[in-house]
Amino acid sequence: MTVIEKFRAIVGEKNVITEAADMQAYVTEWRDKFIGRARAVVLPKSTEEVAEIVRIAAEMKTPLVPQGGNTGLVGGSIPFMGADEVILSTRRMNKVREVDRLNGTLTVDAGCILADLQQVAEENGFIFPLRIGSEGSCQIGGNISTNAGGVQVLHYGNTREQVLGLEVVLPDGRIWDGLTGLRKDNTGYDLKQLFIGAEGTLGIVTGAVVKMYPRPKYQQVALAAVPSVDAAIEFLGLARAMSGDQVTAIELIPRICVDMVVRHVPNFTDPMPARYDWHVLIELSSSATPDLAGLMERILAAAFEQEIVLDAIVPASDAQQQKLWQLREEISAAQKPEGGSIKHDISVPVSRYADFIREADIAVRKIVPGFRSVAFGHIGDGNVHYNPLQPVDMDKEVYLSHWEEVSRAVHDIAVRMRGSISAEHGIGRLKADDLVHYKPAVEIDLMRRIKKALDPDGIMNPGKLLK
Ligand SMILES: Cc1cc2nc3c(=O)[nH]c(=O)nc-3n(C[C@H](O)[C@H](O)[C@H](O)COP(=O)(O)OP(=O)(O)OC[C@H]3O[C@@H](n4cnc5c(N)ncnc54)[C@H](O)[C@@H]3O)c2cc1C
């Protein structure tokens, strides 16, 4: 029997796709940046089926590429090593196994869509705080495997902080049942942390216990114009101190991003009454402070006094608040029609955020004079999406031919500031060379040993993360 026939015997004929046309969506990354090739796509329904598939793959040395919603932006879920690889998609594994309201946890299949989990949490009076632009299609297994971030990390932490227990099918086909909902467990190595952010290179996450949080009753957003990025950082400190740490999100939005959104999103107008260079979108959440609008006004008044805020809008209705969030959420899409951009997902200590943007701008200008600086994102986490845009009159391909040189310069600055070359999106295929270049040799050696110990034949997502 061939490996494909064996997979069919486990999951049924129709759950093994081998036709090229039917596999297209699975081998193409969200931005079309990576287009790969696969021998087949296999769609198991349960942990036991995953385990059987992996046992056979191990026996027949067939490489597996785990795939969730395929929204990762670094090519991690796309096979590219040749025609031998089989994609294991978790899309049929989408059950919420248990809602434990007293423990404040959800036990879920890896293939649950993030937005569905948010909804289940809400229906039970809680929130699941992971909020990212791809939430309508990414899956919790993918979020765990990439340690996804998003807009509320400042308050709730990354995915890593949301996971209490995991169920993983190991590269030899054994099932590790670590599905505890414990908040305290000091019994040795915390193995689940190995699989979080491992990008499918150490095993297949099949289930998880994740935390829910009490749903805040009140929420207030404001858009503030600030004179500089340094002022934005100071404003963050002030808002956290004055609110008793009720800041759940704070996003930096430069002038160029407002202009792009206004240009490319139908019927969207600049919400501010005048043109400003820098803005922050700030959100406060609470169940104990009904008058959050009043609190926001007081914070803004104090910031105005200190000249770290120039102007602000505090919307009265939910619809107006959503409109402000739309400004932030449309930035990536609005940048596309502006031409080529060289994307970076940097984090630095919050205190170095402004320095980073300044230094990166100088470095990129030396390589491509006339480029347009686009730097926005989760300022409270020190996470900057630094996506320098091509000069208006330059050919896109000519601009993009500078990708490596620009990236090296930008990453050098981040690393010099003890920052990271991948704050949120992971390494995948895109940054596998950079990882080896920037991480200390000792760290790479430890990572390789762990990989070898768990996956000696290298069948789990080969060529990703660690080359
Ligand atoms: C519009 C948009 C906005 C985004 N915004 C954010 C953001 O704000 N913050 C952020 O962090 N990311 C963001 N992302 C990136 C992406 O959505 C996240 O990385 C997400 O967590 C990926 O989930 P997924 O289910 O799509 O995983 P996939 O893309 O399918 O896979 C990602 C990686 O995880 C591995 N994997 C997937 N499922 C499993 C599993 N069950 N077991 C083992 N390995 C697995 C894959 O092999 C791959 O290496 C955004 C993407 C888009 C398109």
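Remember, it's 1-based here, ligands and their atoms both numbered in the order they're listed. Note that the coordinates shown come from a computational prediction; the quantities given were computed from them, not determined experimentally.
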Query raised in the report: Does one side chain, of Ser145 or Glu199, offer a donor that lies under 3.5 Å from an acceptor on the other?
Result: no

Requested in this report: For the residue pair Thr159 and Asn143, confirm or rule out a side-chain donor-acceptor distance under 3.5 Å.
Outcome: no

Report task. Looking only at protein heavy atoms, identify the closest one to atom 27 (O) of ligand 1 and say how far it is in Å. Result -> Gly142 CA, 3.5 Å

Query raised in the report: Would you call the rings of His425 and His385 parallel, tilted or perpendicular if under 30° counts as parallel and over 60° as perpendicular?
Result: parallel

Query - Check: Leu64 main-chain N/O paired with Asn461 side-chain donor or acceptor under 3.5 Å - result: no

Query - Full working for side chain to side chain donor-acceptor pair (under 3.5 Å) between Arg160 and Gln193 - result: CA-CA 7 Å; Arg160 199 177 283 288; Gln193 296 298 350; 2.8 Å; yes

Query raised in the report: Judging by distance only, is a nitrogen or oxygen of Pro66 under 3.5 angstrom from one on ligand 1?
Result: yes

Query raised in the report: What atoms of ligand 1 come within less than 4.0 Å of a heavy atom belonging to Ser145?
Result: 34 (O), 35 (C), 36 (N), 39 (C), 40 (C), 42 (N), 43 (C), 44 (N), 45 (C)

Report task. Can you spot which of Val153, Asp345, Val348, Ile346 makes a side-chain contact (heavy atoms from CB on, under 4.5 Å) with Asn383? Result -> Asp345

Query raised in the report: Based purely on interatomic distance, does Gly149 place a nitrogen or oxygen under 3.5 Å from a nitrogen or oxygen of ligand 1?
Result: yes

Query raised in the report: Looking at Glu199, which atoms of ligand 1 are within less than 4.0 Å of one of its heavy atoms?
Result: 35 (C), 47 (O), 49 (O)

Query - Whether Gly150 lies under 4.0 Å from ligand 1, heavy atom - result: yes

Query raised in the report: Would you say Val65 contacts ligand 1, with heavy atoms under 4.0 Å as the rule?
Result: no

Query - Per atom 51 (C) of ligand 1, closest listed option by heavy atom (Thr71, Thr90, Asn70) - result: Thr71

**Report entry** Check: Gly463 main-chain N/O paired with Arg429 side-chain donor or acceptor under 3.5 Å
**Finding:** no

Query raised in the report: Can you find an N or O of Val205 that's nearer than 3.5 Å to an N or O of ligand 1?
Result: yes

Report task. May I ask you to check whether Ser89 and Gln67 show a side-chain donor-acceptor distance below 3.5 Å? Result -> no

Query raised in the report: Are any side-chain N or O atoms of Asn70 and backbone N or O atoms of Ala25, one a donor and one an acceptor, separated by less than 3.5 Å?
Result: yes

Report task. List every atom of ligand 1 that sits less than 4.0 Å from any heavy atom of Cys138, numbering the atoms from 1 in the order shown and giving each element. Result -> 23 (O), 24 (P), 25 (O), 26 (O)

Query raised in the report: Cut-off 3.5 Å, side chains only: do Gln162 and Tyr213 have a donor facing an acceptor?
Result: yes

Query raised in the report: Within the structure, does Gln67 bring an N/O atom to less than 3.5 angstrom of an N/O atom in ligand 1?
Result: no

Report summary line: heavy-atom search around atom 32 (C) of ligand 1 in the protein gives Thr146 CG2, 3.6 Å

Query raised in the report: Is the Tyr386 ring parallel, tilted or perpendicular to the His344 ring (thresholds 30°, 60°)?
Result: tilted

Query raised in the report: Relative to ligand 1, is Lys464 under 4.0 angstrom through side chain, backbone, both or neither, heavy atoms considered?
Result: neither

Query - Enumerated ligand 1 atoms positioned under 4.0 Å from heavy atoms of Asn461 - result: 47 (O), 49 (O)

Query raised in the report: Would one find an N or O of Gly68, backbone or side chain, under 3.5 Å from an N or O of ligand 1?
Result: yes

Query raised in the report: Which atoms of ligand 1 have any heavy atom of Gly203 under 4.0 Å away?
Result: 43 (C)

Report task. Give yes if a backbone or side-chain nitrogen or oxygen of Ala148 is under 3.5 Å from a nitrogen or oxygen of ligand 1, and no if not. Result -> no

Query raised in the report: Can a donor-acceptor pair be found between the side chains of Tyr156 and Arg131 at a distance below 3.5 Å?
Result: no

Report summary line: Counting from 1 in the order shown, the ligand 1 atoms closer than 4.0 Å to a non-hydrogen atom of Gly200 are 43 (C), 44 (N)

Report task. Answer yes or no: does an N/O atom from Gly69 fall short of 3.5 Å to an N/O atom of ligand 1? Result -> yes

